[in-house]
Amino acid sequence: MVGVKPKDVVPSAAVKFFGAGTAGCIADLITFPLDTAKVRLQIQGESQGAGAVKYRGVFGTITTMVRTEGPRSLYSGLVAGLQRQMSFASVRIGLYDSMKQFYTRGTESAGIVTRLLAGCTTGAMAVAFAQPTDVVKVRFQAQVRMADGGRRYNSTLDAYKTIARNEGVRGLWKGCLPNITRNAIVNCTELVTYDIIKELILKYDLMTDNLPCHFSAAFSAGFCTTVVASPVDVVKTRFMNSADGQYKSAINCALTMFRNEGPASFYKGFTPSFLRLGSWNIVMFVTYEQIKRGMTRAQQYWESPS
């Protein structure tokens, strides 16, 4: 990321990799209920028809879930979510600067095209690596407790085993293509917007490289990302949560949504998506910047002569 002064020691790739995964987990712990509400709103009307409305708005969804399924339902799939962040955020965010340097052949100047290429590359790499954790997370968030108290999956490990047994290993990578598309878009919009806004803030001396600067850049990146990525995100969620054979492909899923529920269905759950992504970005980027600084200072301390 931008904002490192010449006198500062640049964080190593290992520090960025570990810091991004840790910051992603912290952000998930704080914002997970919003993500669960988003998933429930995105799949609403999928099997019961567009007229069946159980959840209304993000806070209405959270209230309904707590009343009918208990508070723990808001964190259903958290284990898979944390597994996802440690493998996913580490790659897509932690390796972003390294990928920029790869495309610029080690030079400091990186144009918009280079940043977009770096964002697309790390986003696609992260999905290919972490897709099974994303599938399990979405399945857990979407499942509703049955009348007899039973659930679709009993545990995270059971979900991995059941999906692999019933749908084959390919089932764990279900929706990989729309997820790659979604995360290429998200990564480009999120990281490039954050990078550029932070760079402009520092260039015109609007703020120093501190928490308010990180907060402003992260909030703006969250809004831009939600607007751009919401349609692909809804299709990804629907397709990953679908029963085997329900949709022929992600494109078929999108066409079915458009035909049965109209174009507005692609922005289902937009408010919780923005609340979640905006707050997630703020927590993640602010935490990430602080972890990088803390780990770099600790590394300097241990490497300096006693």
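Residues Thr256 and Arg238 have side chains not in contact (no heavy-atom distance under 4.5 Å, counting atoms from C-beta outward). Between Leu41 and Pro272, the closest side-chain pair of non-hydrogen atoms falls below 4.5 Å. Counting heavy atoms from C-beta outward, Tyr103 and Thr121 have side chains that approach closer than 4.5 Å. In this structure, the side chains of Thr31 and Asp35 stay at 4.5 Å or more apart for every pair of heavy atoms. The closest side-chain heavy-atom distance from Ser273 to Gln42 is below 4.5 Å. Side-chain contact between Met240 and Gln131 is present, with heavy atoms from C-beta onward closer than 4.5 Å.
In terms of heavy atoms, Gly94 sits closest to Ala20 at N-CB, 3.5 Å. Heavy-atom minimum distance, Ala221 versus Asn281: C-ND2, 3.7 Å. In terms of heavy-atom proximity, Ile43 sits nearest to Ala142 at CD1-CB, 3.6 Å. Here the closest heavy-atom approach between residue Val127 and residue Asn179 is recorded as CG2-O, 3.7 Å. Nearest heavy atom pair, residue Ala13 against residue Ser98, reads CB-OG, 3.9 Å. When every heavy atom of Ala250 is checked against every heavy atom of Val235, the shortest pair comes out as O-CG1, 3.6 Å.
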Exercise for review: Start with the C-alpha gap between Thr237 and Gln141, add the side-chain angles, then the distance that decides, and say whether side chain to side chain contact (heavy atoms under 4.5 Å, CB included) holds.
Suggested key: CA-CA 10 Å; Thr237 300; Gln141 289 176 311; over 6 Å; no
**Study point:** Verdict with reasoning, Val91 to Phe17, per side chain to side chain contact (heavy atoms under 4.5 Å, CB included)
**Key:** CA-CA 7 Å; Val91 174; Phe17 186 87; 4.1 Å; yes
Exercise for review: Could you give me the CA-CA distance, side-chain angles and deciding distance for Tyr153 and Val136, then say whether side chain to side chain contact (heavy atoms under 4.5 Å, CB included) is met?
Suggested key: CA-CA 9 Å; Tyr153 307 111; Val136 171; over 6 Å; no
Check your understanding: Between Asp158 and Lys161, does a salt bridge (charged side-chain N to carboxylate O under 4.0 Å, His left out) hold up when you go through it step by step?
Key -> CA-CA 5 Å; Asp158 175 59; Lys161 289 181 178 179; over 6 Å; no
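When the side chains of ILVMFWY residues are joined at heavy-atom separations under 4.5 Å, either directly or via intervening members, Tyr55 and Tyr75 end up in a single hydrophobic cluster. The cluster map of Ile, Leu, Val, Met, Phe, Trp and Tyr, joined by side-chain heavy atoms under 4.5 Å apart, puts Ile197 and Tyr288 in the same cluster. One hydrophobic cluster, built from ILVMFWY side chains closer than 4.5 Å, cannot hold both Phe32 and Val283; they sit in different ones. Using a 4.5 Å cut-off between side-chain heavy atoms of Ile, Leu, Val, Met, Phe, Trp and Tyr, with links allowed through other members, Leu78 and Leu34 fall into the same hydrophobic cluster. Trp173 and Val135 fall within a single hydrophobic cluster, where Ile, Leu, Val, Met, Phe, Trp and Tyr are joined by side-chain heavy atoms under 4.5 Å apart, directly or via other members.
The main-chain N or O of Val234 is never found under 3.5 Å from a side-chain atom of Lys268 such that the two would form a donor-acceptor pair. Remark: the backbone N or O of Arg276 is paired with a side-chain donor or acceptor of Ser279 at under 3.5 angstrom. Proximity of a side-chain donor or acceptor of Ser76 to a complementary backbone N or O of Phe140 within less than 3.5 Å is detected. Formation of a donor-acceptor pair under 3.5 Å by the Tyr267 side chain with backbone atoms of Val227 is found in this model. Checked by atom type and distance alone, the side chain of Ser90 never pairs as donor or acceptor with a backbone atom of Ser87 at under 3.5 Å.
Rounding to the nearest 0.5 Å gives a distance of 10.0 Å between CD1 of Ile251 and CZ of Phe239. Separating the NZ atom in Lys248 from the SG atom in Cys253 is a distance of 13.5 Å, to the nearest 0.5 Å. Here the NZ-CE distance, from Lys198 to Met207, works out to 12.5 Å after rounding to the nearest 0.5 Å. Distance check, rounded to the nearest 0.5 Å: CE of Met99 to CZ of Arg115 gives 16.0 Å. In this structure, CZ in Phe285 is found 8.5 Å from CG in Asp195, a value given to the nearest 0.5 Å. Atom OG1 of Thr22 is separated from atom CG of Leu82 by 11.0 Å, given to the nearest 0.5 angstrom.
For the residue pair Tyr96/Glu190, the side-chain donor-acceptor check at 3.5 Å is not satisfied. In the model, Thr162 has no side-chain atom that pairs as donor or acceptor with a side-chain atom of Asn166 under 3.5 Å. For the 3.5 Å distance criterion, the side chains of Asn187 and Asn183 fail to qualify, holding no donor opposite an acceptor. Side chains of Thr181 and Lys236: no donor on one and acceptor on the other come within 3.5 Å. With no hydrogens or angles considered, no side-chain donor-acceptor pair links Gln83 and Thr133 at under 3.5 Å.
For CZ of Phe223, the number of neighbouring non-hydrogen atoms (other residues, nucleotides, ligands) closer than 6.0 Å is 12 at most. Within 6.0 Å of CZ on Arg165 lie more than 12 heavy atoms contributed by other residues, nucleotides or ligands. Around CZ of Phe18, the count of heavy atoms belonging to other residues, nucleotides or ligands within 6.0 Å does not exceed 12.
Of the charged side-chain nitrogens involved, at least one lies within less than 4.0 Å of a carboxylate oxygen, so that Lys100 and Asp97 count as a salt-bridged pair. For Lys137 and Asp28, the salt-bridge test fails: no basic side-chain N is under 4.0 Å from an acidic carboxylate O.
Ring geometry for Tyr194 against His214 counts as tilted: the plane angle lies between 30° and 60°, on a 0 to 90° scale.
You'll find the ring centres of Phe274 and Phe219 inside the 6.0 Å limit.
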